[in-house]
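Numbers here simply count residues along the sequence, with the first being 1. Note that these values count all heavy atoms, side chains included, but never hydrogens, waters or copies made by symmetry. Remember, it's a predicted structure, so these values are computed and weren't measured experimentally.
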Amino acid sequence: MIEIDTHVTADRSPHDVFRYIADFSTCEQWDPAVYRAEKLTPGSPAAGTEFRVIVSFGARRKTLRYRIDTLQPGRRIDLVGRGAGIKTFETLTVSAEDGGARSRIDYQGHFSLRGPLARARSVIAPIMRRMVPRAARGLADALEIRTETPRQGWLSYAADRSILPGEALYTDRGYFAMRDRSHSEFMDGKRVVITGATGGIGRAIAAEYARLGAHVTLVGRDTDRLAAAASHVRGFAGAAPDAVDVVEADLSSIAAMRRAAATIAQDAPKIDVLVNNVGALFDEYGVTEDGIERTVAINLVAPFVLTESLLEPLHAAGGRVVNMASGGMYAVGLDIDALAPLPSNYGGLKAYARAKRALVALTAHWARRYGDEGIVFNAMHPGWVDTPGVEKSLPRFHLLMRPVLRDARMGADTALWLGAARAAGGLNGAFVFDRKPRPTALVPGTRVKPSQAQSLYGWLRNTTGLTLHGLG
């Protein structure tokens, strides 16, 4: 039996601390040894809730299945973990300090080893005695609320400009290289709207916002998939049925997006976060009912219509807009004429890159135009993520890179951070990757001037027929 006791203090209330650790799958955010953790039992954590935790031991990974044995709300959680050759009994206890302004977190762990692990006890025990205090310190760090606006460090600056090393950071290796991967700033009473939320990154974004306590609205075109996504989000977050709702809309249709915006605004006079996550890549040329090429309609026009139509509730909340872009935009500049391609010169990847380049330029323009109104606009890159869309649209890339692609929750990280974190509020207009501002142009001739972005804004207004409003 290996026994380990340790404790840390955190500058958060016991209520917040316990709420964060009771969903033990958050251990992946604060324990450096945890590769991935997942809550297996839908609903709020309670006695009997189970988790799958993948722990890294050097170059090897071991899967443990944890179960909450007992849970004293706001006070204590007892966990039993089992894996090949190991059984654990772990207790986390939270108590108030400084009149409740701070919390003490006590950890007690008892580890029983069997078989080969037992024979290697003399090696494993010292490793575990180092790992547990590191995890405790990581927990205290994860609970810290940061207010300083992040800046890009010189190493990532150099990597971005060297292209290939920078692209290596788009994999899961880049995600795990982040110093902070925590989400502990709760969003009770906040309203979040997410497009393209029926699967992949969008569904993961919605689930994480709901776990932080936000009321989440999922926007998509498929009734059955919306219902399934809403059920998943509720189960993941332990959210109440009325904390997750859906709005059905064809995101390729201007009229449908305007109707969706009207429905959302009627129900939500204040919107704290709008995530324009929807994205689509088409191998073949096609146009929508509005006569717009499909890639441009979904990746650019839909975010434009929804955002412009929801500016008043965003303004009322001092809200944030997060636009999902792509690293593919680095290969192209802003070409407004190319946003209406002919069938003869259409290429799916290039059309997608151009639409995302335009979305990044539009984001910066919105920040300049509406920044004084208290709305924060950011575009972001999720990294290379293993989603059904990538597998379908880029099968060769997916086959080659799959071992190092990020999963959907890794891809969702920056979108969640941009909407929830206080520190992100100072990044208005920035293009963000892994919680740091990044350059928008790496290839000569691709930098977008403000005047070009203004022309793009005018083109979008003319294309959509949206009228000017009182903001900006």
Quick one about [Y] and [X] (side-chain donor to acceptor, distance below 3.5 Å, no hydrogens or angles considered), yes or no?
X: T70; Y: D78; answer: yes
X: N277; Y: T195; answer: no
X: E248; Y: T223; answer: yes
X: T9; Y: R102; answer: yes
X: S25; Y: R211; answer: yes
X: S182; Y: D141; answer: no
X: E28; Y: Y35; answer: no
X: T41; Y: R67; answer: no

Short N-O contact, [X] and [Y], less than 4.0 angstrom:
X: D434; Y: R181; answer: no
X: R435; Y: D180; answer: yes
X: R134; Y: D31; answer: no

Taking [X] for the side chain and [Y] for the main chain, is one N or O donor matched with an acceptor at less than 3.5 Å?
X: D98; Y: G100; value: no
X: R12; Y: L143; value: yes
X: S44; Y: G238; value: yes
X: S326; Y: M329; value: no

So with a 6.0 Å cut-off around [atom1] of [X], is the heavy-atom count from everything else above 12?
X: R146; atom1: CZ; value: yes
X: D372; atom1: CG; value: no
X: R447; atom1: CZ; value: no
X: H398; atom1: NE2; value: yes
X: K190; atom1: NZ; value: no

Exercise for the section: Start with the C-alpha distance between E50 and Y66, add both sets of side-chain angles, then the distance that settles side chain to side chain donor-acceptor pair (under 3.5 Å), and finish with yes or no. Expected result: CA-CA 5 Å; E50 295 191 343; Y66 278 88; over 6 Å; no

Exercise for the section: If the plane angle is over 60° it's perpendicular, under 30° parallel, otherwise tilted; pick one for Y170 and F433. Expected result: perpendicular

Exercise for the section: Could you tell me how the ring of H365 sits relative to the ring of Y457: parallel (under 30°), tilted (30 to 60°) or perpendicular (over 60°)? Expected result: tilted

To the closest 0.5 Å, what do you measure between [atom1] ([X]) and [atom2] ([Y])?
X: T307; Y: L314; atom1: OG1; atom2: CG; result: 7.5 Å
X: L359; Y: N276; atom1: CG; atom2: CG; result: 7.0 Å
X: S103; Y: I21; atom1: OG; atom2: CD1; result: 9.5 Å
X: R75; Y: L92; atom1: CZ; atom2: CG; result: 12.0 Å

Practice task
Show the numbers, then the answer: is there a side chain to side chain contact (heavy atoms under 4.5 Å, CB included) between F377 and L362?
Solution key: CA-CA 10 Å; F377 295 85; L362 176 64; over 6 Å; no

Practice task
Start with the C-alpha gap between N323 and V360, add the side-chain angles, then the distance that decides, and say whether side chain to side chain contact (heavy atoms under 4.5 Å, CB included) holds.
Solution key: CA-CA 8 Å; N323 292 324; V360 172; over 6 Å; no

Handout entry: Heavy-atom side-chain proximity of R104 to H7 below 4.5 angstrom
Key = yes

Problem - Working for side chain to side chain donor-acceptor pair (under 3.5 Å), residues H215 and D242 - result: CA-CA 8 Å; H215 181 127; D242 61 356; over 6 Å; no

Exercise for the section: Could you check V301 against V296 for side chain to side chain contact (heavy atoms under 4.5 Å, CB included), going step by step and ending with a plain yes or no? Expected result: CA-CA 6 Å; V301 174; V296 172; 4.1 Å; yes

Practice task
For R52 and T63, run side chain to side chain donor-acceptor pair (under 3.5 Å): C-alpha distance rounded to whole Å, both residues' side-chain angles, the deciding distance at 0.1 Å, then the answer.
Solution key: CA-CA 7 Å; R52 181 187 296 114; T63 299; over 6 Å; no

Practice task
Before giving the answer on side chain to side chain contact (heavy atoms under 4.5 Å, CB included), spell out for M410 and V385 the whole-Å C-alpha distance, their side-chain angles and the decisive distance to 0.1 Å.
Solution key: CA-CA 8 Å; M410 296 177 189; V385 183; over 6 Å; no

